[in-house]
Amino acid sequence: MNSVVLRAVARTMTPVLLQLSLVLLVRGHNAPGGGFVGGLMTSAALILYLIAYGTGTVRRLVRVSPMKLMAMGLAVTLGTAALPLVTGQPFLRSAWTELSLPWGGHLALGTPMLFDVGVYLVVVGATLGFILALAEGEGSEGGGKEDL
Amino acid sequence: MSALLWNLVLALLWGAVQDDMSVGNLAIGFVLGLGLLAFISPRPGPSPYARKWLDILKLLGLFAREVITTNWRLALEIATPGIKSRPAIYAFETEARTELEVTLLLLIINFTPGSLGLEISEDGKVLYIHNMFTTTREAFIRNMRENVERPLLRVLR
Amino acid sequence: METGLILAVGMLYAAAIYCMLRRSTVRLSLGLVLLGSATNLALFTTNKVTRSGPPLLPKDGLLAGPVADPVPQAFILTAIVINFGMLALLLVLVHLAERTVGSDEMKHLNTEVPPPSAPNE
Amino acid sequence: MSGWFEALLRGVLTVLGASALLTLVRLIIGPTLPDRVVALDLIALQMVGGIAVYAMLTHEPGLLNVALVLAIISSLGTIAIARYLFQGGKGEP
Amino acid sequence: MREVITAVFLGVGALAMLLAGLGMVRLPDLFLRLQATAKAATLGVGGLLCAAAVNTGSLGGVAHALLTVVFLFAITPVATLLIARAAFHTGVPLWKKTGENDLAEKYRAEAPPPSADSLIDGQ
Amino acid sequence: MALLAILLTGFVTAPLAPLLVRVSRRGASVSLGFVPLGLTVWLASLVPQALSGTPPSFHLPWVPALEVALTLRADGLSLLMALLITGMGTLIVLYAGAYLQENPRLGSFLGWLLCFMASMLGLVLADNALLLFICWELTTVSSFFLIGHDSQKEEARQAALRALMVTALGGQALLLGLLLMGWVAGTLTLSELPTAGPALREGPLALAILLLVLAGAFTKSAQVPFHFWLPSAMAAPTPASAYLHAATMVKAGVYLLARLSPVLGGTPVWQGALVSVGLVTMVGGALLTFAHTDLKQILAYATVSVLGTLVLLLGLGTPGAAQALVVFLTAHALYKGALFLVAGAVDHAVGTRELPLLGGLRKAMPFTAAAAGLAALSMAGLPPLWGFIGKELVYGAAGLAPGGWGLALGATAGFTFLVGSALRVGLLPFFGPPGERGPKAHESSPALWGPPLVLALCAVGLGLVPGWLQPLLEGAARAIAGPGDTPLDLALWHGLTPALGLSAVSLVLGITAYTQRERLRRALVALRLERWGPSRLYTLGVAGLRRCADFLTDQFQSGSLHRYTFLTVAVTAGLLALPLLFRMGIPSGLKRDLHLHEAAVLAILVLATALAVKTRSVLTAIMALSVVGLTESFVYVLLGAPDLALTQVVVQTLTVILFALVFSRFPVKPTGGRSRLQDAALSLAAGGLISWALLHASVLPPQTRLADAYTSRSEPEAHGRNAVNTIIVDFRALDTLGETTVLATASLGVYLLFGPSRRRKPA
Amino acid sequence: MTNLLILPVLIPLAAAALSLLLPARAGLRRALALGATAALTGVAAWLLSAVWHQGVQVLRVGGWEAPVGITLAADLLSAMMVLLSGAMSFLCVVYSAGSLEARQEAGAHYPLVLVMLAGVCGSFLTADLFNLFVWFELMLVASFVLLALEAERERLEACLKYMTLSLLGSALFLIALALLYAVGGSLNLADLAQRLPGTRQPPLATAAAMLLLAVFGLKSAAFPFSFWLPAAYHTPPVAVTALFSAMLTKVGVYALYRTFPLLFAGDPGLTQPVILAMAVLSMVAGVAGAVVQYDLRRLLAFEIISQVGYLLVGLGLSSRAALAAAIAYWVHYVCAKSALFFVTGAVERVTGTHQLEKMGGLSRTHPLLGLLFLVPALSLAGIPPFSGFFAKMALLRAALRAESWGVAAAGAAVGLLTLYILMKVWREVFWKTPPQEARGTPGPLAMLGPCVVLALVMVGLGLGAQPLFVLSDAAAGQLLDRDTYIHAVLGGAP
Ligand code: NA
Ligand code: NA
């Protein structure tokens with residue numbers, strides 16, 4: 001049936017889309033992109049997978065429940081935000097470090113990037129949560145094991 | 001596959017030796033390597049690796065011809081008053097077997113102007129194709145078989 | 001562009017409000033989407049609307065020309081995401097309500113009955 | 001950028017706009033939902049093209065990224081609509 | 001030189017897009033219009049993206065343009081299949097001058113899905 | 001300090017009452033009776049100082065910010081009232097213990113009684129107007145619970161609420177009046193107010209102050225037309241009626257007017273209002289006693305009449321009137337308290353208070369009969385009782401006033417009916433043939449006949465030894481009207497004065513009325529006062545209030561979301577229109593440059609929006625929305641916001657997928673296609689106004705300060721070249737923190753409402 | 001600069017996230033919620049004392065100065081509100097522990113309450129209008145979910161109505177922000193306050209003020225923006241309703257108090273009369289709605305609208321005395337209203353209904369409940385010597401001194417009607433012979449405890465009203481002293 005084609009396309013394209021979403025996440029600080037849109041793209045990629053293979057497969061693929069993913073994301077953002085409190089710096093104060101790359105050049109690493117990763121996680125968790133809940137619907141079997 | 005890998009290694013070697021890893025330079029290295037690999041074969045004639053490249057080129061050629069001719073017809077159909085074509089939907093029993101083959105076949109059919117895959121039977125053996133310009137079932141199926149399916153399968157197998 | 005866009009925004013608002021007045025929960029959620037779009041564009045038109053480039057700084061760190069105001073953009077990004085979350089929640093409610101009363105009409109869901117006549121004072 | 005080229009780009013943009021308006025006509029008149037989905041899909045593609053042209057016009061190759069995402073995402077939307085709306089959420093996954 | 005090549009791609013793309021738009025209005029049934037979108041649009045978008053790729057000249061630009069085209073090639077047929085299937089299920093009429101229809105035979109045996117009624121506008 | 005202790009004693013002991021009752025039902029009231037008794041003695045010991053030049057006083061700041069202070073002052077008037085309150089209180093507590101011996105809620109009754117007593121004490125001792133008001137309200141509240149003591153009875157509940165509402169209405173007015181007074185006078189200390197008298201009497205707010213204060217006093221003291229709550233409050237247990245509705249609480253209004261008469265009194269408005277209302281109340285109340293046959297009802301109307309007399313006297317404002325007032329007030333407290341207690345004893349013994357069912361009880365209940373007879377004689381104003389002296393003074397004061405003969409005539413009419421009623425109450429139950437329930441009756445415990453007898457004997461004793469209270473009464477009168485030129489003359493015999501003549505006339509006429517009581521009753525009943533009297537007005541008022549509230553609520557809280565939204569939008573649009581239409585013109589300098597492709601984009605936006613609104617198919621609308629969303633993101637592309645374009649595109653597609661998922665689950669039967677012109681008009685108006693405002697904003701010079709700050713600092717300070725992103729994750733990361741939490745919470749909500757946790761649960 | 005200011009947001013958020021990460025056990029979540037709210041209360045008390053002793057406290061989040069970064073600022077009003085919210089949420093959590101089923105406790109109740117609390121505290125503390133919008137939304141979304149949980153029909157209906165109007169409000173909020181940004185070039189309150197007077201288009205700022213009035217009116221349920229409230233407040237569990245009543249509408253009122261004196265003080269000609277009209281209409285409409293209700297919780301919900309009217313009077317009059325009175329009223333009212341809701345919950349548990357007709361006789365069977373109802377009821381009706389009397393009197397006093405006779409009259413009249421309504425409840429619930437015998441028990445100590453505490457608070461705030469008035473007077477003074485706030489927030493930056 002149609003799903004032959006759909007599955008083939010999804011199988012090939014989903015990794016590409018996931019890769020793309022990571023690109024969006026990573027380069028967000030310097031070009032259009034960022035945690036939000038990266039997270040949304042990740043969800044979109046997983047939705048493609050969901051349409052082709054169903055919710056169970058997506059849950060297997062993600063492994064962590066969306067709610068946990070979300071809570072982890074929140075913990076990361078909150079943790080990053082609260083880190084400066086330890087040293088008496090103002091809340092959400094960013095910290096940067098320059099990393100020299102072995103092939104030359106520098107890579108600026110900073111807590112805002114970590115913050116963005118937290119945002120990314122929350123967005124992935126939240127949108128996946130929406131989609132999975134609605135796709136599984138009430139009365140169906142899928143998922144259903146996790147505690148809140 | 002290993003031949004392709006070799007080809008890539010040759011291209012990288014080309015670039016590394018020259019200390020110029022730019023895309024253009026690597027492409028040159030790749031084409032040179034392809035030429036080398038095409039003739040390094042224990043059997044007479046082009047190597048299987050080169051034959052594959054030739055098949056791909058042939059497929060692309062056929063494909064390009066189809067694209068140009070039927071797009072032209074489609075353009076005329078749209079741009080001129082009245083619709084002269086008499087569309088039909090034909091079942092096409094494919095020789096493609098694997099998921100990948102079926103999918104690629106469908107992609108190609110769809111990209112071929114004038115024909116459009118509408119449905120695949122549950123067993124994946126029959127494609128239903130909407131077709132704008134062919135006049136008879138026989139002509140359509142023959143065209144599909146010879147100009148689309150066979151060249152594609154030759155590339156894939 | 002700016003003037004035209006603002007007029008279109010007004011029309012979007014009108015459409016959104018009209019949808020929200022449609023007595024149907026489904027239309028209501030459609031209206032909310034329109035409302036979100038209208039609001040985002042309204043925020044966008046606040047300061048100078050410019051055809052100049054995005055607020056991306058080139059690698060050398062010097063801007064060649066004027067760029068769009070990044071502030072409303074940051075606001076809109078936030079608003080978009082919030083609106084999306086709200087919409088998802090609303091959709092689920094709409095769905096549950098439909099399943100409960102078998103209709104998307106708000107009046108079928110209504111339980112705010114007129115107060116009963118009082119016992120004697 | 002030479003003048004004729006910029007004019008060409010603007011012309012192409014206008015053509016795309018006109019084409020999108022034509023497509024919108026189909027979206028409006030329908031008559032069936034699949035018709036509309038096809039029109040919607042095409043509008044998205046026209047916008048992808050429009051972004052590509054605009055990227056040239058403004059020398060912002062970064063916009064091609066937007067075009068890419070738009071292309072991917074809008075097709076995904078089309079698939080989802082076709083998959084969920086037309087099949088009542090039933091059938092095989 | 002680069003501008004000329006770009007212009008050629010642009011011309012092809014714009015023309016294809018315009019034709020697709022026209023086709024949407026002019027072609028008489030859904031399947032014909034699907035044909036128009038699937039082809040003209042891929043050709044059109046492909047042309048425009050190639051123009052952009054040539055024009056920017058950067059590796060990133062080329063990669064983006066090519067990736068977009070490839071993705072569109074891959075995903076559009078899937079959408080087409082799904083839409084066509086839905087159209088048949090919902091009884092979208094074929095143009096009256098359509099010839100043979102093998103698919104009709106196949107579907108005659110299957111019952112239409114229950115949600116089909118609501119899909120035609122105004123019902 | 002003593003005053004504070006006196007004030008607090010009641011409040012402190014009140015909560016103990018239920019506990020004491022739990023310990024010993026019989027002993028409780030006796031032991032609690034020592035509280036008012038002790039207070040009486042204590043207060044009495046303060047009399048000499050009170051009558052001296054510097055009355056005892058006390059001051060403790062409470063809420064200085066609001067000028068509320070625990071300022072207490074015991075001058076003659078206060079002490080007279082306080083002694084009445086505690087003295088009566090002693091008897092009432094004893095009586096109540098016996099009267100409600102079987103009642104399960106005796107404890108709470110005694111508690112509220114003591115609370116009331118304390119409040120009343122505070123009211124008369126307060127020298128701070130707001131402290132007075134606080135106690136005033138406390139008496140209202142405690143009377144609510146005392147009236148509603150028999151809460152199983154609908155009658156009691158209704159009466160309690162009615163009394164509460166009428167007196168609280170006055171209370172609110174009084175509060176406003178006192179606050180205004182404080183503002184105008186610059187002080188809220190009652191003893192300092194007279195110095196600000198002219199300002200209060202003649203300032204621009206004088207009339208308002210006066211009317212507000214009068215509203216408070218008149219409602220509390222049951223003046224026509226607010227009198228109706230008092231008869232219905234007879235649903236209270238009799239001890240409460242005797243205490244609140246005869247002796248003390250209803251006098252609070254009179255006390256207030258008396259207290260304020262040096263401040264507000266003397267003006268024509270004051271005189272006119274008090275005299276006319278007092279006169280009407282006096283005559284009307286007395287007359288209406290004849291409409292009733294229930295002992296307590298008769299007594300209640302008689303009380304109304306006396307309250308009218310007191311107010312009338314205050315309106316006269318002469319020193320003589322003040323003297324008459326204090327005497328008549330004490331007289332009334334004694335005899336009316338006694339009569340109420342008698343009524344209660346009869347009720348307790350016989351089980352009814354209806355005159356037609358009563359008779360011949362004098363043998364079975366001799367002490368009660370004696371108390372009743374003596375008190376009735378005092379009420380009828382016969383010598384040598386205290387009531388006679390009071391009545392003579394009233395006649396005298398009325399006669400001396402300007403236009404006095406008219407007043408005297410009115411007073412005569414009032415006293416005529418009071419005499420008649422006194423005879424009915426004092427004679428009918430005890431003489432004549434035994435009533436239906438009579439034979440079984442017998443005298444109950446001494447606690448039920450003792451207190452009325454004590455009160456009646458006091459009336460006799462004061463009549464015989466009138467000089468005993470003279471200094472205190474004079475002091476009280478002085479507090480009202482200043483030092484008079486004639487000393488208080490409390491003799492039983494002044495010679496053949498006009499007052500004596502009027503007394504004789506009223507006595508004769510009263511006896512006539514007594515004999516004609518049935519005819520009078522039928523005539524009064526035929527008037528059907530309950531149909532158009534103020535009581536009816538109250539009922540109508542409450543019903544009207546309800547109907548009005550019903551209407552308002554129906555209109556605004558109709559349950560229709562459509563109406564809610566409509567009103568909200570309409571009001572907001574109206575608010576927005578105020579500054580836009582009235583203070584701003586047409587924006588000038590609008591930018592008119594529009595490229596062709598931009599025009600196409602806007603056209604698509606508008607057309608797709610129109611389709612989304614217009615189409616009847618929900619799925620079509622969703623697709624139209626898709627186009628709107630796509631166009632929106634294209635606008636972002638055109639105007640230099642690729643970040644927005646990216647996000648918008650993805651979000652809008654996810655939105656469509658959500659819609660698709662939801663609507664794939666229920667077949668949408670499109671509804672709400674009804675097009676309402678007014679909806680469309682409102683929407684267009686709102687949209688237009690918003691455009692209007694945004695157009696005005698668009699011609700303002702661009703604000704580049706922040707934009708410049710971000711673009712210049714983004715790279716060096718936030719290490720990012722995408723200014724939008726640096727704002728989001730660094731400069732304004734707190735927004736982002738909140739926003740992600742919003743998204744997470746929404747997702748949590750979806751999960752809770754629709755996710756697996758819900759699915760597992762049985763429906 | 002003090003990180004103290006972020007703690008009221010951070011503590012509940014962190015506790016909520018932790019709740020969700022740890023296993024779903026009732027005891028665990030309850031303990032986390034109790035701990036978080038108690039900690040928050042402590043922090044808030046600390047904050048209040050810091051503000052009292054050292055003036056306005058400020059935190060530049062991320063170290064970015066205003067208006068580039070977001071600044072949190074706490075003046076006395078903010079600190080009071082945070083403290084009030086912390087304490088009330090603690091009581092609500094205690095009450096939840098006593099009144100909710102273990103299943104509900106193990107669910108998302110506590111995390112949602114904490115998230116809402118974070119939104120509320122964020123709203124109280126932020127000095128940035130867009131940040132305020134975000135906190136509003138956070139609070140809203142949590143309240144939506146709390147309201148809709150269990151998905152019964154009535155709750156769905158309530159939530160849909162609440163959501164529709166709230167989201168409309170959010171859109172209006174953003175338009176107002178757009179206009180303000182166009183006029184002032186910033187959304188930092190202090191920065192805007194400095195710039196708005198010199199703007200080229202003052203009426204546009206007034207237009208924004210009008211929109212904000214509508215938006216905050218919607219949040220605070222001031223008539224005619226109150227329609228959502230009666231529908232919403234009678235459906236969720238009492239623990240939730242009490243929380244809503246203590247916080248949600250108050251945040252709307254707070255936003256009005258924060259923004260109007262600061263931003264729009266220069267243009268009172270148009271906004272003040274509108275606010276006063278809204279105040280009076282709210283008083284009347286709320287009480288009118290309550291008069292006809294025979295559903296206990298709906299009745300109390302309508303009462304909220306009328307009480308919000310009182311709070312708005314202070315702002316409408318805008319004199320120091322009026323503001324002080326309204327702030328004192330605020331504190332009193334939050335306690336009284338929550339206490340009433342708490343008692344209502346206990347009453348419902350005893351009687352098994354919230355229809356007045358079906359109740360009765362509780363003063364004989366449950367005298368303690370009667371007392372616990374009476375104190376907040378009388379206090380709310382403004383009967384001395386409870387807290388409400390002084391607050392209402394102060395408000396009337398201020399109205400009279402501002403010569404707003406109509407407002408004073410309305411305040412007094414509505415006070416009377418409030419008394420009528422609550423005594424009607426008393427009559428029906430506690431006096432009337434019950435149509436059916438009461439079955440249940442008034443609930444565990446965790447349910448009655450908060451009622452007792454609040455009753456004591458009301459007595460305490462009545463007998464010891466002076467400190468409250470001193471505090472609110474100082475808070476009102478700060479509200480009117482714009483320069484101090486501006487200077488503190490901008491910190492000497494241009
Ligand atoms: Na509230
Ligand atoms: Na609220």
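Naming: A, B, ... by sequence-line order, numbering from 1 per chain.
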Nearest-0.5 Å distance that lies between atom [atom1] in [X] and atom [atom2] in [Y]:
| X | Y | atom1 | atom2 | result |
| --- | --- | --- | --- | --- |
| C/Leu43 | F/Leu694 | CG | CG | 9.5 Å |
| C/Met86 | F/Thr745 | CE | OG1 | 9.0 Å |
| C/Phe75 | F/Ile728 | CZ | CD1 | 10.5 Å |

Among [options], residue most engaged with chain F (heavy-atom pairs, under 4.5 Å):
| options | value |
| --- | --- |
| C/Gly36, C/Ala88, C/Ser37 | C/Ser37 |
| C/Ala14, C/Gly85, C/Pro66 | C/Ala14 |
| C/Ala15, C/Ala68, C/Pro55 | C/Pro55 |
| C/Leu28, C/Ile76, C/Leu93 | C/Ile76 |
| C/Leu89, C/Ile6, C/Leu56 | C/Ile6 |

Taking the side chain as C-beta and beyond, is there a heavy-atom pair between [X] and [Y] under 4.5 Å?
| X | Y | answer |
| --- | --- | --- |
| F/Asp679 | C/Arg23 | yes |
| F/Phe659 | C/Leu87 | yes |
| C/Thr3 | F/Leu695 | yes |

Checking [X] against chain F: side chain, backbone, both or neither under 4.5 Å from a heavy atom?
| X | answer |
| --- | --- |
| C/Leu21 | both |
| C/Asn40 | both |
| C/Val33 | side chain |

**Report entry** Minimum heavy-atom distance between F/Thr615 and C/Arg27, given as atom pair plus value
**Finding:**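 Result for this residue pair: O-NH1, 3.1 Å.
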
Query - Contact class of F/Phe731 relative to chain C, heavy atoms under 4.5 angstrom - result: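 Interface part for F/Phe731: neither.
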
Query raised in the report: Would you call the rings of C/Phe44 and F/Tyr636 parallel, tilted or perpendicular, where under 30° means parallel and over 60° means perpendicular?
Result: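 Geometry flag for F/Tyr636 against C/Phe44: perpendicular rings.
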
**Report entry** Whether C/Gln73 side chain and F/Ala723 backbone form a donor-acceptor pair below 3.5 Å
**Finding:**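 Judged by distance alone, no pair lies under 3.5 Å.
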
